[in-house]
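Scroll down for the structure; my scribbles are underneath it.
Values below: every heavy atom of this structure, side chains too, minus hydrogens, waters and symmetry copies.
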Amino acid sequence: MDIIHEMITEKQITDKISEMAAQINKDYEGKEIHLICVLKGGVFFCCELAKRITVPVTIDFMAVSSYGSGTGSSGRLTVKKDLDELIEGRHCIIVEDIIDTGLTLSLAKKMLLARNPASLNICTLLDKPARRVTKIEALYTGFTIPDKFVAGYGLDYAQKYRNLPYIGEVEFIED
């Protein structure tokens, strides 16, 4: 059994997404942007962000992992679902739910840069720098959080809790 303790409210999230979208609109004024949503967790955040972007926007999805069957990174990127569209010459923003160790995202960014986008930036709802093992930074960050296990708003624990409208710390209760 687990209990979820609310850490970031739904209102705080929606306010922050509006603020991030306003900055993106300003930064990309006169340009078209291509959002690259990292599945599965990033989909809730990406959809809400896209609704608030006023410059022309397109969206594509990818699912990637650098983890094998264990809990440690293999150091190699596994692409479970690649982009449907070419990104060469396009202004792209990778939209992620959380940056944790940074391993998978740094490998994905390297792979995407090889496809020659006009620009490639990162937008994350959550940043957990205490867990970082590789250098990766987001141009747009919603919230910096401590090293706690969180779920909600797209983030899951064993595929549960993605649908929560807030982000909460998961407390694990042993039977």
Side-chain angles (χ1 to χ4, degrees), residues 13-69 73-128 131-143 150-156 159 161-165 167:
I13 294 168
T14 57
D15 288 350
K16 183 59 76 172
I17 292 172
S18 293
E19 180 184 309
M20 295 169 79
Q23 186 63 52
I24 290 169
N25 292 331
K26 181 179 173 190
D27 293 349
Y28 289 88
E29 186 175 349
K31 298 176 182 160
E32 180 175 308
I33 57 173
H34 188 66
L35 301 180
I36 300 171
C37 177
V38 180
L39 297 173
K40 296 177 184 172
V43 75
F44 287 77
F45 173 46
C46 187
C47 289
E48 291 302 315
L49 181 68
K51 289 192 302 189
R52 291 163 174 83
I53 292 176
T54 56
V55 298
V57 64
T58 55
I59 304 173
D60 205 345
F61 301 89
M62 67 185 306
V64 292
S65 175
S66 66
Y67 293 81
S69 57
S73 175
S74 67
R76 290 187 311 272
L77 188 70
T78 300
V79 179
K80 298 176 180 181
K81 189 239 175 277
D82 206 344
L83 300 175
D84 293 328
E85 299 178 31
L86 297 175
I87 62 170
E88 184 172 353
R90 300 172 87 172
H91 295 284
C92 300
I93 301 175
I94 301 170
V95 181
E96 180 70 281
D97 56 354
I98 187 169
I99 300 176
D100 195 306
T101 64
L103 289 169
T104 302
L105 190 56
S106 65
L107 292 169
K109 183 177 181 183
K110 183 178 178 181
M111 177 192 75
L112 293 170
L113 282 170
R115 296 178 184 184
N116 300 313
S119 64
L120 182 66
N121 288 302
I122 298 170
C123 178
T124 186
L125 181 60
L126 302 176
D127 186 18
K128 196 189 293 186
R131 299 250 314 140
R132 198 82 80 249
V133 297
T134 191
K135 185 173 170 51
I136 188 99
E137 290 184 28
L139 182 58
Y140 308 101
T141 299
F143 302 93
V150 293
Y153 214 86
L155 291 101
D156 74 297
Q159 296 299 327
Y161 308 121
R162 287 188 197 279
N163 61 314
L164 295 176
I167 294 168

How long is the gap from [atom1] on [X] to [atom2] on [Y], to the nearest 0.5 Å?
X: Phe61; Y: Lys81; atom1: CZ; atom2: NZ; answer: 8.0 Å
X: Ile136; Y: Lys109; atom1: CD1; atom2: NZ; answer: 5.0 Å
X: Cys46; Y: Ile17; atom1: SG; atom2: CD1; answer: 10.0 Å
X: Asn121; Y: Leu139; atom1: CG; atom2: CG; answer: 4.5 Å
X: Asp84; Y: Met62; atom1: CG; atom2: CE; answer: 11.0 Å
X: Thr141; Y: Lys16; atom1: OG1; atom2: NZ; answer: 9.5 Å

### Task
Have a look at Thr101 and tell me which of Leu105, Ile99, Leu103 forms a side chain to side chain contact (heavy atoms under 4.5 Å, CB included) with it.
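The option that passes is Leu103.
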Can you confirm whether [X] is buried at [atom1], in the sense that more than 12 heavy atoms of other residues, nucleotides or ligands lie under 6.0 Å from that atom?
X: Glu29; atom1: CD; result: no
X: Leu113; atom1: CG; result: yes
X: Glu137; atom1: CD; result: no

Could you tell me which non-hydrogen atom of [X] sits nearest to which non-hydrogen atom of [Y], and how far apart they are?
X: Phe45; Y: Cys123; value: CZ-SG, 3.6 Å
X: Asp97; Y: Gly41; value: OD2-CA, 3.2 Å
X: Leu35; Y: Ala50; value: CD1-CB, 3.9 Å
X: Ala151; Y: Tyr161; value: CB-CB, 3.8 Å
X: Val55; Y: Lys31; value: CB-O, 3.6 Å
X: Ala63; Y: Leu39; value: CB-CB, 4.2 Å

Do [X] and [Y] have side-chain heavy atoms sitting under 4.5 Å apart?
X: His34; Y: Cys92; value: yes
X: Leu49; Y: Ile93; value: no
X: Leu83; Y: Leu112; value: yes

Determine yes or no for a side-chain-to-main-chain donor-acceptor pair under 3.5 angstrom, with [X] supplying the side chain and [Y] the backbone.
X: Asp60; Y: Glu85; answer: yes
X: Lys128; Y: Ile98; answer: no
X: Thr124; Y: Leu126; answer: yes
X: Asn25; Y: Arg52; answer: yes

### Query
Should Asp127 and Arg132 count as an ion pair when the cut-off is N to O under 4.0 Å?
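A salt bridge links Asp127 with Arg132.
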### Query
Given Arg115 and Asp82, is the salt bridge (Lys or Arg N to Asp or Glu O under 4.0 Å) satisfied, shown in steps?
CA-CA 12 Å; Arg115 296 178 184 184; Asp82 206 344; 2.8 Å; yes
### Message
For His91 and Tyr28, take the angle between the two ring planes, folded into 0 to 90°, and tell me which bin it lands in: parallel under 30, tilted 30 to 60, perpendicular over 60.
### Response
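Rings of His91 and Tyr28: perpendicular, over 60°.
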### Message
Assess the residue pair Tyr140 and Asp27 against the criterion (side-chain contact (heavy atoms from CB on, under 4.5 Å)); give the C-alpha distance rounded to whole Å, side-chain angles, the decisive distance to 0.1 Å, and a yes or no.
### Response
CA-CA 11 Å; Tyr140 308 101; Asp27 293 349; 2.7 Å; yes
### Task
Would you sort out whether Glu48 and Ile13 count as a side-chain contact (heavy atoms from CB on, under 4.5 Å), showing the intermediate values?
CA-CA 10 Å; Glu48 291 302 315; Ile13 294 168; over 6 Å; no
